[in-house]
Amino acid sequence: MLIATWNVNSLRVRLPQLLDWLSMAKPDVVCLQEIKMVTDDFPFDAIGEAGYEAAAWGQKTYNGVAVLSKLPIEEVVQGFPGEEGQARLLETVIEGVHVISAYCPNGETPGSEKFQFKKRFYAALRAHLDGLGKNSTPLAICGDFNIAPEARDVWDPLKAAKTCGFHPDEIKWLKHLTDWGLHDSLRLVDQQGGQYSWWDYRTGGFSKNQGMRIDQIWVSDALKPKVTKAWIDTEPRGWDRASDHTPVLAEIKL
DNA sequence: ATGTCTTATATAATAAGA
């Protein structure tokens with residue numbers, strides 16, 4: 001099962017790129033974030049013609065998550081207690097694997113109200129995993145975590161530690177979440193630093209490779225030994241009218 | 001380094017979120 005995650009930053013704008021990328025990369029399952037449309041506007045027909053079932057949960061203007069799958073989607077759950085109503089989490093079951101598309105809050109700036117919301121979101125997500133039971137559940141939680149796990153995942157760690165995405169408090173929240181028993185799929189197979197999934201539009205970060213690896217695919221203990229490949233596909237970030245994020249992939253031999 | 005992209009309101013230009 002080839003799983004991908006991509007924050008598309010508006011599916012309305014990025015749909016042609018998504019369809020092109022699906023035909024190129026041929027993933028089995030794709031988690032999307034920031035579709036920025038209500039569920040009724042989701043392009044189920046175009047996605048269907050590309051060979052994918054879809055589960056989507058959107059809202060007006062902001063956020064919005066979806067899961068696309070070539071394989072049957074068996075269950076769909078929107079959100080979790082404590083999420084405070086924003087369309088940021090969609091849980092599916094595909095081939096017996098819990099596949100979660102997550103769009104964690106940005107946090108704005110340390111000390112802000114949105115930073116506190118990000119903290120609450122992470123705590124609620126951990127509580128949600130605890131409610132799933134043991135980490136022997138085959139589970140892949142994929143998405144835009146808006147936190148880079150380690151210094152090697154950030155182009156300027158000292159600067160980033162003062163802002164959102166690599167602040168010491170955030171590292172603690174992410175660690176508490178993943179201490180449930182989650183493994184960063186890329187790091188199971190590749191230790192190279194300087195690999196990013198997001199580059200700021202404002203600073204022209206992509207051309208200078210000044211980015212952060214804030215999009216990840218985390219797998220539970222049950223899937224850890226089955227991860228055979230994991231990589232970041234930087235090509236779509238170079239396309240015209242690109243999202244500020246690029247797809248992240250993991251191959252899991254079920 | 002307040003820069004760039006997206007959406008909403010509204011139908012030109014600004015605000016907000018990221």
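Chain letters run A, B, ... following the sequence lines, proteins first, then strands; residues in each count from 1.
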In whole Å, I'd like the distance from the [atom1] atom of [X] to the [atom2] atom of [N].
{"X": "A/Asn63", "N": "B/dT6", "atom1": "CG", "atom2": "C1'", "answer": "13 Å"}
{"X": "A/Ile147", "N": "B/dA18", "atom1": "CD1", "atom2": "C1'", "answer": "15 Å"}
{"X": "A/Asn7", "N": "B/dC5", "atom1": "CG", "atom2": "P", "answer": "16 Å"}
{"X": "A/Arg202", "N": "B/dG3", "atom1": "CZ", "atom2": "P", "answer": "11 Å"}
{"X": "A/Glu34", "N": "B/dC5", "atom1": "CD", "atom2": "P", "answer": "15 Å"}
{"X": "A/His245", "N": "B/dT6", "atom1": "NE2", "atom2": "C1'", "answer": "12 Å"}
{"X": "A/Glu108", "N": "B/dA15", "atom1": "CD", "atom2": "P", "answer": "16 Å"}
{"X": "A/Phe115", "N": "B/dA18", "atom1": "CZ", "atom2": "P", "answer": "14 Å"}

Between [options], which nucleotide gets closest to the side-chain atoms of [X]?
{"X": "A/Gln210", "options": "B/dT9, B/dA1, B/dG3", "value": "B/dA1"}
{"X": "A/Tyr201", "options": "B/dA8, B/dC5, B/dA18", "value": "B/dC5"}
{"X": "A/Asn9", "options": "B/dT7, B/dG3, B/dT6", "value": "B/dT6"}
{"X": "A/Thr203", "options": "B/dG3, B/dA8, B/dC5", "value": "B/dG3"}

Original post:
Does some side-chain heavy atom of A/Arg187 sit less than 4.5 Å from a side-chain heavy atom of A/Glu150?
Top reply: yes
Original post:
When we call it a touch if two heavy atoms are under 4.0 Å apart, what does A/Lys208 touch: a base, just sugar-phosphate, or nothing?
Top reply: base
**OP:** Would you classify A/Tyr103 as touching base, sugar-phosphate or nothing, given that sugar-phosphate means primed atoms plus P, OP1 and OP2, and contacts are heavy atoms under 4.0 Å?
**Re:** sugar-phosphate
Taking the same atom, [atom1], in [N] and in [M], what whole-Å distance lies between them?
{"N": "B/dA10", "M": "B/dA15", "atom1": "P", "answer": "14 Å"}
{"N": "B/dG3", "M": "B/dT9", "atom1": "C1'", "answer": "24 Å"}
{"N": "B/dA12", "M": "B/dA8", "atom1": "C1'", "answer": "14 Å"}
{"N": "B/dT14", "M": "B/dA1", "atom1": "P", "answer": "26 Å"}
{"N": "B/dT6", "M": "B/dT11", "atom1": "P", "answer": "23 Å"}

Does OP1 or OP2 of [N] have a side-chain N or O of [X] closer than 4.0 Å?
{"X": "A/Lys36", "N": "B/dA16", "answer": "no"}
{"X": "A/Arg14", "N": "B/dC5", "answer": "no"}
{"X": "A/Arg241", "N": "B/dT6", "answer": "yes"}

Subject >> Centroid separation A/Phe115 to A/Trp173 less than 6.0 Å >> reply: yes
**OP:** Decide, yes or no, whether a salt bridge links A/Asp179 with A/Arg126 under the criterion of side-chain N to carboxylate O below 4.0 Å.
**Re:** no
**OP:** Decide, yes or no, whether a salt bridge links A/Lys253 with A/Glu95 under the criterion of side-chain N to carboxylate O below 4.0 Å.
**Re:** no
Original post:
Quick one: on DNA chain B, does A/Leu11 or A/Tyr62 contact a more 5' nucleotide (nearest heavy atom)?
Top reply: A/Leu11
Subject >> Residue met sooner reading DNA chain B from 5', once A/Asp200 and A/Lys159 are mapped to nucleotides >> reply: A/Lys159
**OP:** Classify the angle between the aromatic ring planes of A/Trp6 and A/Trp239 as parallel (below 30°), tilted (30 to 60°) or perpendicular (above 60°).
**Re:** perpendicular
Subject >> Pair partner, B/dA12 [Watson-Crick or wobble, under 3.5 Å] >> reply: none
Subject >> Check: A/Asn9/A/Lys36 side-chain N/O donor and acceptor closer than 3.5 Å >> reply: yes
